[in-house]
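Encoded as structure tokens, the structure appears first; notes follow it.
Worth knowing before you read on, the calculation uses all heavy atoms, side chains too, and leaves out hydrogens, waters and symmetry mates.
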Amino acid sequence: MMNDLYNLILKGGLRKYKFINSKIKPIDYSENMKGSIFAFRSKELMQDSKGFIITSEEAVSEQKEITHWTPNVYRYGKYVDNKKIIVKGHEEKNLDRSIHL
């Protein structure tokens, strides 16, 4: 049921399963690259762009400690520091327009 909700909100813009380390992806399942969303563990961390990038519905459903995430799907997301804490790409010009039309 939650997976259906994620698919509805994200409009099919993310992969269904994680590309690497999926625990539920069927054998021989193949899927084209899709977009990404951003998740944060608090509002304060979101304001400082300290979060992480999610690229599949499976990964969204595994998260138990996030308080905020972007329902808009972006074409890409990236980290701007070596520790992979600061995220970049959650801006309007990076929206995946094929999904949000």
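Side-chain atoms of S36 do not come within 3.5 Å of backbone N or O of I53 as any donor-acceptor pair. When atom types are taken as modelled, the side chain of K25 and the backbone of F19 share a donor-acceptor pair closer than 3.5 angstrom. A donor-acceptor pair is defined here as one N or O able to donate and one able to accept, closer than 3.5 Å; such a pair exists between the side chain of D81 and the backbone of I86. Remark: side-chain polar atoms of E57 are not paired, donor with acceptor, to backbone N or O of G12 under 3.5 angstrom.
Within 6.0 Å of atom NZ in K88, 12 or fewer heavy atoms from other residues, nucleotides or ligands are found, so the atom counts as exposed in its surroundings. No more than 12 heavy atoms of other residues, nucleotides or ligands sit less than 6.0 Å from atom NZ of K50. Sparse packing is recorded around CD of E65, with 12 or fewer heavy atoms of other residues, nucleotides or ligands lying under 6.0 Å away. Heavy-atom neighbours of E91 CD from other residues, nucleotides or ligands within 6.0 Å: above the threshold of 12.
Note that OG of S42 is 8.0 Å distant from CG of D48, once rounded to the nearest 0.5 Å. Rounding to the nearest 0.5 angstrom, the gap separating the CD atom in E92 from the OH atom in Y74 is 8.5 Å. To the nearest 0.5 Å, atoms OH (Y6) and CH2 (W69) are separated by 6.5 Å.
Grouped with I24 in one hydrophobic cluster are Y17, Y29, the linkage being side-chain heavy-atom contacts under 4.5 Å among Ile, Leu, Val, Met, Phe, Trp and Tyr residues.
Within the 4.5 Å cutoff, the side chain of F52 has no heavy atoms near those of the I85 side chain. Taking the side chain as every heavy atom from C-beta outward, R15 and M33 approach each other to under 4.5 Å. Using a 4.5 Å heavy-atom cutoff, the side chains of V87 and V80 are not in contact.
Hydrophobic clustering places L14 together with L95 (ILVMFWY residues linked when any side-chain heavy atoms are closer than 4.5 Å, directly or through intermediates). Hydrophobic cluster membership is shared by I54 and L5, with clusters built from Ile, Leu, Val, Met, Phe, Trp and Tyr side chains linked at under 4.5 angstrom. F40 and I9 fall within the same hydrophobic cluster, where Ile, Leu, Val, Met, Phe, Trp and Tyr residues are linked whenever their side-chain heavy atoms come under 4.5 Å apart, directly or through other members.
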*Residue pair K34, K16: steps toward the side-chain contact (heavy atoms from CB on, under 4.5 Å) verdict*: CA-CA 10 Å; K34 292 192 175 185; K16 193 78 157 159; over 6 Å; no

_Test side-chain contact (heavy atoms from CB on, under 4.5 Å) on N94 and Y76; report intermediate values, then the result._
CA-CA 7 Å; N94 187 31; Y76 69 88; 3.0 Å; yes

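Nearest heavy atom pair, residue L10 against residue I37, reads CD2-CG2, 3.9 Å. Nearest heavy-atom pair across S61 and E58 is OG-O, 2.8 Å.
Taking the ring centroids of F38 and H90, they lie under the 6.0 Å cut-off.
For E62 and K18, the salt-bridge test passes: some basic side-chain N is under 4.0 Å from an acidic carboxylate O.
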